[in-house]
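Keep in mind that this is a model prediction, so the values were computed, not measured. In this chain, numbering begins with 1 at the start of the sequence shown. Values below: all heavy atoms of this structure, side chains included; hydrogens, waters and symmetry mates excluded.
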Amino acid sequence: METFPGPATSSQESEIEKNLRQSTENIEKITSVAVKSALQELLKYGLLEADRKPRLYQIALIQSGVLNQLLEPLDLCLRVDDIRGLAFLVVSEQGQKQNSEEDDWVHPLVRRQRLTLEQSLLVAILRQYYVIHEQDVGIGAGNAIVTLDDLLPQLQVYLGDSGSDSKNQKRLRVLLENLKTHGIISDIDDKEQVTIRPIITHLANPETLQALLGQFRQIAAVNSEASGEEQ
């Protein structure tokens, strides 16, 4: 005959409660350490990628509510692009509203990540390659690779030819090295090519590309006026 456990005694109940409490504390401790690691990585680099930091990326997905609570006093929030395997920081709507009266206000962490005009131009060129790659292979597909030989002539269209192949190459390599620190591309490999990372679709969005176009129009207008005065 099968037997079933009877009701727990008071001593058994206290032991069960103790074990449950210890288990809960252990879980909270582990969660706290994991969240802290994910938060530190986000504040350091601004993003987490599933293919590069899979454990921290999963923590960001699971603990997104906790992370957003921690980020709220900093006027930041976490966004997730699960199709491309991205978790990244943006300025929160509240932060933007509170500082909307200051025309030149930029979040300190975002200001630290600002790109120069030449870097922004290269980002726009790289984004074009990435979009074409996703159109051919599918959204979220990795290994969007481009060679330096492909990038160089496109960059020269906008920045001009220095007259020296070595100077042109050096300029491109310096720009690529700077973009690497922002997590946009990989290192230049032994085949003289780089892998474009998916965060570029969010960094170079329609708004930033429109702003970049506006900057080039201003520069063109200034150059045009200067040429007119010289004549």
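The main-chain N or O of Thr195 is found under 3.5 Å from a side-chain atom of Ser186 such that the two form a donor-acceptor pair. Asp150 contributes no side-chain N or O that, together with a main-chain N or O of Val146, makes up a donor-acceptor pair within less than 3.5 Å. Between the side chain of Asp82 and the backbone N or O of Gly85 there is no donor-acceptor pair closer than 3.5 Å. No donor-acceptor pair under 3.5 Å is formed between the side chain of Asp75 and the backbone N or O of Val91.
Leu71 pairs in a side chain to side chain contact (heavy atoms under 4.5 Å, CB included) with only one of the listed residues (Val66, Val90, Leu89), which is Leu89.
Hydrophobic clustering, with ILVMFWY side chains joined whenever heavy atoms are under 4.5 angstrom apart, groups Ile184 together with Leu152. In the hydrophobic clustering of this structure, Leu56 groups with Leu43; members are Ile, Leu, Val, Met, Phe, Trp, Tyr whose side-chain heavy atoms approach within less than 4.5 Å, directly or through other members. Using a 4.5 Å cut-off between side-chain heavy atoms of Ile, Leu, Val, Met, Phe, Trp and Tyr, with links allowed through other members, Ile196 and Val131 fall into different hydrophobic clusters. The hydrophobic cluster containing Ile83 does not contain Val80, counting ILVMFWY residues as joined when their side-chain heavy atoms lie under 4.5 angstrom apart, directly or transitively.
Salt-bridge annotation for Glu41 and Lys44: absent, with no side-chain N of the basic residue lying under 4.0 Å from a carboxylate O of the acidic one. With salt bridges taken as basic N to acidic carboxylate O contacts below 4.0 Å, none links Glu118 and Arg171.
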Discussion item. Walk me through whether Glu49 and Leu86 qualify under side-chain contact (heavy atoms from CB on, under 4.5 Å).
Written reply: CA-CA 5 Å; Glu49 293 177 287; Leu86 284 175; 3.6 Å; yes
Discussion item. side-chain contact (heavy atoms from CB on, under 4.5 Å), that's the test. Do Val194 and Ile145 meet it? Break it down for me.
Written reply: CA-CA 6 Å; Val194 294; Ile145 297 171; over 6 Å; no
Worksheet item: Would Ile188 and Gln193 count as a side-chain contact (heavy atoms from CB on, under 4.5 Å) if you check the C-alpha gap in whole Å, the side-chain angles of each, and the deciding distance to 0.1 Å?
Response: CA-CA 5 Å; Ile188 301 171; Gln193 58 189 18; over 6 Å; no
Worksheet entry | Candidate pair Leu126 and Leu179, rule side-chain contact (heavy atoms from CB on, under 4.5 Å), full reasoning | CA-CA 11 Å; Leu126 289 166; Leu179 294 185; 3.7 Å; yes
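Tyr57 approaches Asp81 most closely through the heavy-atom pair OH-O, 4.1 Å. Looking at every heavy atom in both residues, Ala60 comes nearest to Leu48 through CB-CD1, 3.9 Å. Closest approach of Arg127 and Ile200 over heavy atoms only: N-CD1, 3.4 Å. Considering all non-hydrogen atoms of both residues, Gly183 and Ile199 come closest at O-CG2, 3.4 Å.
With contacts defined as side-chain heavy-atom distances shorter than 4.5 Å, the pair Glu192/Thr147 does not qualify. Considering only heavy atoms from C-beta on, Arg197 stays 4.5 Å or farther from Ile185 through its side chain.
Taken from CG in Leu76 to CG in Asn68, the straight-line distance is 10.0 Å, to the nearest 0.5 Å. Taken from CG in Leu122 to CG in Leu172, the straight-line distance is 6.5 Å, to the nearest 0.5 Å. The OG atom of Ser120 sits 10.0 Å away from atom CG of Leu175, with the distance rounded to the nearest 0.5 Å.
Within 6.0 Å of CG on Asp136 lie more than 12 heavy atoms contributed by other residues, nucleotides or ligands.
Donor-acceptor pairing under 3.5 Å is recorded for the side chains of Gln154 and Tyr129.
For Ile62, the side chain to side chain contact (heavy atoms under 4.5 Å, CB included) criterion is met by no residue, not counting sequence neighbours.
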